[in-house]
Every structure is written in C-alpha cells, then in structure tokens.
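Every chain is numbered from 1, with letters handed out A, B, ... down the list of sequences.
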There are 2 protein chains.
Amino acid sequence: MVTLRQLRYLSALAKHGHFGRAAEACAVTQPALSMQIGDLERTLGVKVVERRPGEVILTDAGREIARRGDDVLTASRDLVDFARHRGKPLTGRLTLGVIPSLAPYLLPKILPALQRGFPELRLELRESQTRQLVGDIKSGVLDAALLALPAGDSDLDAIALFEDLFLLAVPADDPRPEAVPVAVDGIDQSRLILLEDGHCLRDQALAFCATARRRDGSAGAMTFGASSLTTVIQMVAGGYGMTLIPQIAAEVERRDQRVKFLRLRPPQPGRSIGLVFRKTSPRKADFGALGDVVKGCVEESGCRPVPPGRKPPPAQNRADSASEP
Amino acid sequence: MVTLRQLRYLSALAKHGHFGRAAEACAVTQPALSMQIGDLERTLGVKVVERRPGEVILTDAGREIARRGDDVLTASRDLVDFARHRGKPLTGRLTLGVIPSLAPYLLPKILPALQRGFPELRLELRESQTRQLVGDIKSGVLDAALLALPAGDSDLDAIALFEDLFLLAVPADDPRPEAVPVAVDGIDQSRLILLEDGHCLRDQALAFCATARRRDGSAGAMTFGASSLTTVIQMVAGGYGMTLIPQIAAEVERRDQRVKFLRLRPPQPGRSIGLVFRKTSPRKADFGALGDVVKGCVEESGCRPVPPGRKPPPAQNRADSASEP
DNA sequence: TTCAGCGATCAGATTAATTTATCGGCCATG
DNA sequence: CATGGCCGATAAATTAATCTGATCGCTGAA
C-alpha cells in the first residue's frame, strides 16, 4: 500500500536527485529513504529512479508518479491547513508573495494594520516576479500572492483589490503643466525607461505604448533594465527619459523634487491589483480577510484606487497584462 | 502527521456512520479504527465526528475534511493506477458505465472485439443514467462511461465517438412511406412514448420536439415512462403512439415487423456518443484505445454513424442534451 | 433493573520504519 | 592498476506504529 511518507520521500528525491541529500531534507538517514523508495517501486511495480553512477534521475514513469505524488501531498497539506486554521482567520503562518513593483509601496501600508488587527498572524513575505509567484502558489510553496491581474491560470482564483492607474513620470523641468492630462502621444517610446525583463509592469507599459502608437518600426524603447522603480525614477530625475509608474508608487516617489507626474488622458492605462491563490486553497477565509485589510488600507490612505465592484478583473482598454509575468 | 490510512478510515466512517461497520469495511477491528480516528483528530486539532448514542455524525469541519480526504485518496489511487497500467493499455480491471439507451445495442458490438483484441482486460460494466454515472466517475467508483455528450462537468474530459441520429418509430401500418424523410411536424407530441424520467434520451427527445413545435399549451406528451427502449417499441408496435429512437437501437429493434422507422428532415436530431472520464484520470491511454475499438465497431457494423472530426461535441441544432441526465 | 449496542481504553503482540554499521560498485587519481 | 572517496544497497538491532482481543462505561430500550 502506498503511503504519504513514500510520496514525501519521492518528492524530495525528485527534487534533489540524490539519496543522501533527499534523506537529509526529510530529516531521516539515507537507508530509511532508500528503503521507502524501494518499497514504493515494489508496490507500484515500476522502477521510479535510474541509479547511475554520479547521478540519480527519474524514469519517465517516475516523473509522472512524482508529479501525481506532489498533487497528493499538496491536497493533504491543504487538508491539514484547513483543519488547523478553520474558524480563526489570519492566524498562524501564512506565506505571501508580492511583485516587486508593488511590495515596497503597498506593504508599509498594510503590515501595521495586519499586525494590529491580527497579532497572531505570522506573515512570511517573498518578493518575486509574477511567473515565479504563480509557480510557487501552484506548488504550495506560497499560500497566496499580491500581483497584477489577471494571473491567467485556470488553477488559480483571485480577489480583485484595487485599480492602480499609471502616471507618466517626467523630469521636473518638463514644460508640460502637471494639471493637464497628457495624451499617450506625449510619450516618446524611445525615451521610455523600464524595469528589467520579466517584470509585469514592464510588459504592461510596453503593451500600452504599443497600442497607443508606434513612432518608428524599431521595437525600440530605451528599455534599460532597472531592477526597482526607485532606480527608474532616479534615472528620470537625472534627465535620461520618462517612465510609466503606478499611482501607488508615485505617492512615495513624489518625494523626489526632481520629477513630476503627469496624468494620462482616458482611456487611462492602469493595472488591477488582486490577491491570487489556488482554487482549492483551504484558507480562503484568510484571503477574504486579508483582502479586506488591503482594501481598507488603500482606501484610507487617500489613494485614488478603489475596489472594483465586479468579479472578473477588467484589463480592457488598459495595459495588456495578459502577457505572462 | 496525517496518513493515508487515517483518511481511508475516515472515509469509511463518513460513509457508514458507524465505527464497527466502518472498521469491518476496512478489514480491521473497531479499536484500530477508533484509534486512527482519534489520532487524526489529535493531529488536526478538531473533533471530526460527533459521538452520540445511536449515531455517529461528522462535524462541519469533519465533513469538509472527509471531502478533502476523499480527494487525496482519489489522487493517490490514480497514482497507483497510473503506475500499474502504464504502458499496457486495456489490461486489468476497468470499470465502465453505460447509459441504458445505449448499453444493449452498443455493448454486443464492442465486447467481442474487446475480448479478442485485449484478452487481459477485465471489464466491469455498470448501467446507469447519466447523472449517476457522472457522480461515480468523479468519485472514482467508475473509470469512465459511455454516454451522450456533453456531460457538462468541468472535472470531466470526453472523447467523441460517433453521431447517433434519431429516427421516428411508428407502427408498420402508418401511411407514410419509409423512403421519405418526415418533417418534425409529423410528430404528434401528444402521442409520443418515452423512457421514464431521468433518461437523457427522454430529455433530448422532449427538447427536440419542444423546439420543433408546440401543438398545444400543455407540457403534454404522453410521457408514459418505460424503462427500456424495447418496451417503448413494444408500445409503438401495439399502436399506442410513436417515439424517437436512436439509430443504433433502431438497427436492432427493426426485427419487430410491427414497427417501421422514418427518417427525419434536416436538421436531423441526434445525439453525440462519447467516452467520458475524469480529467486527471491515470488511464487516458486506455480510453484512447477503448474509443478506437468503439469507433471501429460502430463503423464496420455498417451503421450510419461516423466519428466526428472535432473535439468539442456539437449538440447544436439537435436535441438539447445539456439538460442533466 | 437489566440488557444489548456501541465506542473508548488497555495490554500485549505484531508489523513497519528507522538507525547504525557495513558492503560493494564506480570513478578519478596517481 | 591500485587506492580512496562517493554513493546507494543491505543487515541487524532498535524504536515506533498499528493491530487484536479483552474489557469498561455509557445509553436507550425492554
């Protein structure tokens, strides 16, 4: 009979490709793991791993078995999570991913409120790009993530939290007055400074500009890859170009006197920020509560963004955030 | 740490509502099961069952835990199935459901071929209505089922096998010549004899007639509920009315000289027969092979129906088989 | 009151899993 | 072609998990 223990050991073995290290990861000795894998192979009637000198690789069948095993483990972990957290939202450990263009601006708003409202919550944060976050949510490494919708994965569910409009950040000495919204034509794509590849914000900005206009044939855009929005703003301040920046970040970056932020004429581009989690997650109650906290913080911070009143996030007539990360 | 054993015992307990009988079903003694349930409650920190004199009922949390536990068990059973059957399609035990309006006509065609081509296959058949079959597939009681598409459940996948057109069965002394297709107007809905409630064929026939015409306000139709198509044909033969009958059944029922079958004018109503199974089923290779056998048998039997060349089954301009069973 | 049904509990036996120690194959070195 | 290191398999002893059979205590019915 197959056991969860065998699947756990197999999962570790698949991950480490090494009996000794897999055993260590499972906090058992190597023979213990060897025997469990052996038992598994015997009960399934298939060689699961190829033991070759210098490396241990899964067989084809083994790969599929490990994949299914991970599904089983995730489901059982969910079961335990459900039982342990049922009835008391936002207590205990909760691992949350946040995209880099959001984390430094949103977290300072919500962490104090969370701490105050849910002192029993032990939040573990991770900052990564959307692609990574989605993978980690699906594999159960993360419970949920704050990112720009849509996440575009049918295994995932989302709660829309707020709309985050884009502003055009330009040097303070730009001739255009701050009061007048500029048309997208005001954006010289070749002077656009963006985050490095892989950031959803970069893709959204590019998508918006692409639909807005295409000044020359070159895929162009001075797409120097900064790793943080603050860096991007520094470059704008230094007169190296301009950028599209989400309102929630502009609030903070506005401190720098050498830049100013111009609003854009409708249809204003923007992104829809949401809380994403596995459809089968056992902690939906937590996510509802967490979402409420975020909405509350964003609202009371006097920020323009407001929670939308609909389920499926829009992303129509705005940046095409359908592109992966 | 939670174990599959505990989940198996919990599943049995949930099903039987009785420690003793659940234990018996698991082939262990009652104390063994009691202790495992006790351990489970201890590790989860929740009372899972309410022990009250005379009955054992799950708590709210227990119900959800049992549901999730069943998911885990299904996934682990799938893993084992995958490992055991991988590489040798159509061997070993395979449980297959078939709807009643199809089983007696299709099975005689395919069983000999299956026996010949796959002697190692031990097919276990069950005849039930669509609703029941779908439930059993989802819970893992059945591996797959032959029924009229669409099954309409997002957890299920289907392979379309063939189109089965409906014919109008009338008494042999009906004045209309067999050679000329009749219009749907030729169907007097008030004289329609159908299978009893719950059969998809009944719903399809009613749906087709409803779109075809509505002679009077009465929901009408002489919908005496026969439990088999043979019974229905007997009644038609006896002059009690007429019926819509799938071509595959007409082939057989044609033996009765007292009825004849009129073709219908386009858009000809019909049903799309398919093989349905869980999306995550470990035996998709088997289903492909089984589907091929069915297609082959249906074709070579000189039957009109042919395999369609498209994935999503039609059900357009024909009986509305979207209604449940 | 007494009894039958049912689940909990206990002690002891059994089975499964783990650890420590060791073996043997396979490379890379010298 | 020896030698030592790495790595997984195996053996024996130990520990932990699980089971059985006997029994207890509770509850509702006779």
Side chain of [X] (C-beta onward), nearest among [options]:
| X | options | result |
| --- | --- | --- |
| A/A32 | D/dG8, D/dC19, C/dT18 | C/dT18 |
| B/V28 | D/dT20, C/dA8, C/dT18 | D/dT20 |
| B/T3 | D/dT20, C/dT19, D/dT18 | D/dT18 |
| A/P31 | C/dT19, D/dG21, D/dC19 | C/dT19 |
| B/S34 | D/dC19, C/dT9, C/dC6 | C/dT9 |

Distance test, side-chain N/O of [X] to OP1/OP2 of [N], below 4.0 Å:
| X | N | value |
| --- | --- | --- |
| B/R51 | C/dA8 | yes |
| B/R5 | D/dT18 | yes |
| B/Q36 | D/dT18 | yes |
| A/H18 | D/dC6 | no |

Could you tell me the separation between the [atom1] atom of [X] and the [atom2] atom of [N], rounded to a whole number of Å?
| X | N | atom1 | atom2 | result |
| --- | --- | --- | --- | --- |
| B/K47 | C/dG7 | NZ | C1' | 12 Å |
| B/E50 | D/dT27 | CD | C1' | 15 Å |
| B/H16 | C/dC6 | NE2 | C1' | 16 Å |
| B/M1 | D/dT18 | CE | P | 12 Å |
| A/R8 | C/dT18 | CZ | C1' | 15 Å |
| A/L4 | C/dA17 | CG | P | 12 Å |
| B/I37 | D/dC19 | CD1 | C1' | 15 Å |
| B/I57 | C/dC6 | CD1 | P | 16 Å |

Practice item. For A/L33 and for B/G17, locate the closest nucleotide of DNA chain C by heavy-atom distance; then report the residue assigned to the nucleotide nearer the 5' terminus. Key: B/G17

Basic-acidic side-chain contact under 4.0 Å: [X], [Y]:
| X | Y | result |
| --- | --- | --- |
| B/E196 | B/R202 | no |
| A/R84 | A/D81 | no |
| A/R21 | A/E24 | no |
| B/D157 | B/R278 | no |

Practice item. With DNA chain D as reference, determine whether B/M35 or B/Q30 sits nearer its 5' end, using the nearest nucleotide of each. Key: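 The 5'-side residue here is B/M35.
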
Check your understanding: Per the side chain to side chain contact (heavy atoms under 4.5 Å, CB included) rule, which among B/V276, B/I159, B/L96 passes with B/F287?
Key ->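 That would be B/I159; it is the only one of B/V276, B/I159, B/L96 passing the side chain to side chain contact (heavy atoms under 4.5 Å, CB included) with B/F287.
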
